[in-house]
Number of protein chains: 2
Amino acid sequence: MTVDRGTRPARRPVPTTRTPGDDLAPVDVPEGPDGSESSDSTESSDGDTDTASRPVPEATVARLAVYLRVLTTLLAEGRGTVSSEELAAAAGVNSAKLRKDLSLIGSSGVRGVGYDVSRLVAEVEATLGLTRPHAVALVGVGNLGHALAGYGGFAARGFPVAALFDVDPALVGTTVDGVEVEHADTIPRVCAERGVTIGVVATPASAAQTVCDHLVAAGVRSILNFAPTVLAVPAGVEVRKVDLAVEMQVLSFHVARRHGTVPAAGPTATPRQTPREAVSR
Amino acid sequence: MTVDRGTRPARRPVPTTRTPGDDLAPVDVPEGPDGSESSDSTESSDGDTDTASRPVPEATVARLAVYLRVLTTLLAEGRGTVSSEELAAAAGVNSAKLRKDLSLIGSSGVRGVGYDVSRLVAEVEATLGLTRPHAVALVGVGNLGHALAGYGGFAARGFPVAALFDVDPALVGTTVDGVEVEHADTIPRVCAERGVTIGVVATPASAAQTVCDHLVAAGVRSILNFAPTVLAVPAGVEVRKVDLAVEMQVLSFHVARRHGTVPAAGPTATPRQTPREAVSR
DNA sequence: ACTTGTGAATTCGTTCACAGCA
DNA sequence: TGCTGTGAACGAATTCACAAGT
């Protein structure tokens, strides 16, 4: 995993717009896909004779998504070029790393000038396979699942929700954001029919493995798992996981590391309102 | 460089005590979906004289949370001991890595036997700082934020939601799962009053930085960011981010890597239902 | 006989620093 | 002069493999 050492925080890269409170994170970017970062169990040893294959390391792929978000914003602002320094700052990484990342996807910046924004956007999108939509199947329309399904930016970014599944008879048959919820038993058939390539598991941990097996049987090779379980999949299947409990506990660790043992206690007097500038260097 | 990478070996004091199965239990998932994972800017030399410092690498911390989940399950099943081999398989990691991780927190397994489950649970919890609750403030009660707030397992695991914030007048004043939604302007005061130590940002990207600043001003040193933006924070503040878009794009990359360019196409006949080694159970 | 704990080897990723080109 | 692209140094994390307890 990952963990990129505290790099520099970089100041707000985006043009802060948009009304404050409202839903989740649909980003403001006009259109293009974007993303951010993370890291995780990747797994899936591609068993097959994968010829020459991975020029682009996973860590870089995750960052490319972040660069793309920034680039999309810049593009919307009409910027023609960016320097590695500026882009790196906005993405919160070291410029050398950014240049190396871009060189890996065969980028072509211009020495003395920088990178052509629109071109770079196209290159990153091509690398991430965003030039065509990926039908997504979401299993588990409960609390979180429902929120995810209703999350517009999902389909808007090239990931149309092609199917929703659940086993709860009270949910099956209902419609969420225009998509009907079908019974999980139909996963194999429906996913194959609609050409689903990415599956999202948002079920309780107890059902996750079974659901995963069904998705895999339907030909889904990429799965995003929100259930707190380690999914076992055959070689060739990619699983990424998002685990709230893990995140919270990691933060807990840091809280604890700070005040040796002391809980929150007093109303944290310190009115820190610090500078917040670009950290180190 | 600034960052004084943890050099100091120093071990963890870990008060090996505690009765076997007992209290606070981050226990296995009671219900819905959760989690996420990621990694992020860490660092921040805590200004004060930080005595001993970081024996446990970040990567290990994230895994400890996973081990804990498995261990809790085992404990519930009444298992007295586990071997590194079994625990590692269930957590989806290499056994050598698991042993190294555990040795870092000063574990004490018994050669030829394995680890005492209840004791290990206690040690891991102590390391992760789970021996006491951490008040959480959730900002942005929209789509996702609402789902997170309603997610029971949250409070159940030692992370009681002490406050909810939003700027939408239609939401302020309402109650979600017993907690009233307050206006984001009151973040500083309310968080300080209730001793919030962890903040969760589930606002649109445009509001994220501002919200973050308020949380930091209120003394929150650990933030979980669901908004697709790179948050700039002063040294000493820990930010972890969870970004759906990035996850999806990374999966997209893998899908693309497989079939060169071809979309989903045919109903993936292959009935792979393979071995599915290791893990689970 | 079995399983932990850990030094050493290895792999992977990040950062430096500079040559090369516009 | 300015900024990219990249070899080489560096550092972190993983894996190996075995000595050491029980």
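Heavy atoms only: backbone and side chains are in, while hydrogens, waters and symmetry mates are out. If you're wondering where the values come from, they're calculated on a predicted model, not measured in any experiment. Letters A, B, ... are given to chains in the order of the sequence lines, protein chains preceding strands, and every chain is numbered from 1.
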Peer 1: Return the value, rounded to whole Å, for the distance between atom NZ of K97(B) and atom C1' of dT10(C).
Peer 2: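 To the nearest whole Å, that distance equals 14 Å.
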Peer 1: So L231(A) and K241(A), do their side chains get closer than 4.5 Å, heavy atoms only?
Peer 2: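 No, their side chains stay 4.5 Å or more apart.
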Peer 1: Show the numbers, then the answer: is there a salt bridge (Lys or Arg N to Asp or Glu O under 4.0 Å) between E238(B) and R257(A)?
Peer 2: CA-CA 11 Å; E238(B) 174 79 17; R257(A) 199 172 44 121; 5.3 Å; no
Peer 1: Could you state the CD-P distance from E85(A) to dT4(D), rounded to the nearest angstrom?
Peer 2: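 That distance rounds to 8 Å.
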Peer 1: dA22(C), OP1 or OP2 - any side-chain N/O from Y115(A) closer than 4.0 Å?
Peer 2: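 So the side chain of Y115(A) is outside the cut-off, no N or O lying under 4.0 Å from OP1 or OP2 of dA22(C).
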Peer 1: Expressed as a whole number of angstroms, how long is the span from D101(B):CG to dT14(D):P?
Peer 2: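 It works out to 7 Å between those atoms.
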Peer 1: With a 4.0 Å cut-off on heavy atoms, is S108(A) in touch with a base, just the backbone sugar-phosphate, or nothing at all?
Peer 2: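 Touches sugar-phosphate only.
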Peer 1: Whole angstrom is fine here: how far is it from CG in L98(A) over to P in dT4(D)?
Peer 2: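 After rounding, the reported distance stands at 9 Å.
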Peer 1: Looking at dT3(C), I'd like to know if its phosphate oxygens (OP1 or OP2) sit under 4.0 Å from a side-chain N or O belonging to S84(B).
Peer 2: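 Looking at the OP1 and OP2 atoms of dT3(C), neither is under 4.0 Å from any side-chain N or O of S84(B).
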Peer 1: Quick one: list whatever passes salt bridge (Lys or Arg N to Asp or Glu O under 4.0 Å) with R119(A), sequence neighbours left out.
Peer 2: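 R119(A): salt bridge (Lys or Arg N to Asp or Glu O under 4.0 Å) contacts with E123(A).
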Peer 1: In whole angstrom, what separates R63(A)'s CZ from dC12(C)'s C1'?
Peer 2: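 Between C1' of dC12(C) and CZ of R63(A): 12 Å.
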Peer 1: To the nearest Å, give me how far apart CG (L104(A)) and C1' (dT14(C)) are.
Peer 2: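 Taking atom C1' of dT14(C) as the reference, CG of L104(A) is at 12 Å.
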Peer 1: I'd like to know if the side chain of T81(A) reaches the main chain of G114(A), judged simply by a donor and an acceptor atom lying under 3.5 Å from each other, with no hydrogens or angles considered.
Peer 2: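 No: the side chain of T81(A) does not pair with the backbone of G114(A).
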Peer 1: Would you check if the side chain of H254(A) reaches a backbone N or O of V237(B) as a donor-acceptor pair within less than 3.5 Å?
Peer 2: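 No; judged by distance alone, with no hydrogens or angles, the pair does not exist.
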Peer 1: Pick one: which of L64(B), L130(B), L71(B) meets side chain to side chain contact (heavy atoms under 4.5 Å, CB included) with E125(B)?
Peer 2: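 When L64(B), L130(B), L71(B) are each tested with E125(B), the side chain to side chain contact (heavy atoms under 4.5 Å, CB included) holds only for L130(B).
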Peer 1: Using a 4.0 Å heavy-atom cut-off to protein, can you give one letter per nucleotide of nucleotides 16-22 of chain D, 5' to 3': B if the base is in contact, S if only the sugar-phosphate is, - if neither?
Peer 2: BB-BBBS
Peer 1: Taking atom P of dA13(D) as reference, at what distance in whole Å does atom CD of E58(B) sit?
Peer 2: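 Taking CD of E58(B) and P of dA13(D), I get 9 Å after rounding.
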Peer 1: Only distances under 3.5 Å count here; give the side-chain donor-acceptor pairs of residues 98-106 of chain A to other protein atoms, sequence neighbours excluded, each with its distance to 0.1 Å.
Peer 2:
{"residue": "R99(A)", "atom": "NH1", "partner": "S84(A)", "partner atom": "OG", "Å": "3.0"}
{"residue": "D101(A)", "atom": "OD1", "partner": "T60(A)", "partner atom": "OG1", "Å": "2.7"}
{"residue": "D101(A)", "atom": "OD1", "partner": "R63(A)", "partner atom": "NH2", "Å": "3.0"}
{"residue": "D101(A)", "atom": "OD2", "partner": "R63(A)", "partner atom": "NE", "Å": "2.7"}
{"residue": "D101(A)", "atom": "OD2", "partner": "R63(A)", "partner atom": "NH2", "Å": "3.3"}
{"residue": "D101(A)", "atom": "OD2", "partner": "Y67(A)", "partner atom": "OH", "Å": "2.5"}
{"residue": "S103(A)", "atom": "OG", "partner": "K100(A)", "partner atom": "O", "Å": "2.8"}

Peer 1: Whole Å only: how far is the CG atom of L102(A) from the P atom of dC3(D)?
Peer 2: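 Rounded to whole Å, this separation is 16 Å.
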